[in-house]
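Working notes, structure below.
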Amino acid sequence: MTTKPRIIISSDHADIALRQDIARHVAERGFTVEDIGPATTESTDYPKHGEAAARRIAAGEFDLGILICGTGQGIMMAANKVKGIRCGVCSDTFSAKMIRAHNDANMLSMGARVIGGGLALEIVDAFLDTEFEGGRHGRRVDMISAIED
Ligand code: RB5
């Protein structure tokens, strides 16, 4: 990506403070970021938040997305149901780099009940600072897209 990617962030109720910390961190790094909530810690259903963010990436409004739920798993599964979305759950920086470099992931999901806030910010940085390598990986990503069709 030659221009700075536009970022959308969402979560369920599992940790809205972590989501807001990440949004602030990403904005401080100079990215355009939209945090689409939710605004309160009232219990809510992760599928609708994963889908909402994923649809706005699929529509071309944003380039990359960051999702948070308790484990990162449920919200990732919902996002991956939207055509064009490649979302991976990461609890380490190596995986966050590799889902960009090899899988051209356009969404990152993390589990607020799995990792701490400091590590979450490092994972976000690893995800945002890594470019897709293309080449043979492009052919494989195309194979993933073909499954959708
Ligand atoms: C909510 O309690 C929890 O199930 C959710 O945040 C997430 O972990 C689901 O995958």
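Counting convention: from 1, in listed order, for ligands and their atoms alike. All values below were derived from every heavy atom in this structure, side-chain atoms included, with hydrogens, water molecules and symmetry-related copies excluded.
Within 4.0 Å of ligand 1, protein heavy atoms come from Asp12, His13, Ala14, Tyr46, Cys69, Gly70, Thr71, Gly74, Arg113.
Its side chain within the 4.5 Å cluster rule, Ile36 clusters with Ile8, Tyr46, Ile57, Phe62, Leu67, Ile75, Val82, Ile85, Met107 among the Ile, Leu, Val, Met, Phe, Trp and Tyr residues. Counting Ile, Leu, Val, Met, Phe, Trp and Tyr side chains that sit under 4.5 Å apart, directly or through other members, Phe94 shares a hydrophobic cluster with Met98.
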Test Arg24 against Asp21 for salt bridge (charged side-chain N to carboxylate O under 4.0 Å, His left out), laying out the working first.
CA-CA 5 Å; Arg24 198 174 312 113; Asp21 282 350; 2.9 Å; yes

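Residues Asp104 and Arg86 have side chains in contact (heavy-atom distance under 4.5 Å, counting atoms from C-beta outward).
Under the side chain to side chain contact (heavy atoms under 4.5 Å, CB included) rule, Arg100 has a single partner from Leu108, Asp129, Leu128, Thr130, which is Thr130.
Annotation: ring pair (Phe, Tyr, Trp, His ring centres under 6.0 Å) contacts of His25 (sequence neighbours excluded): none.
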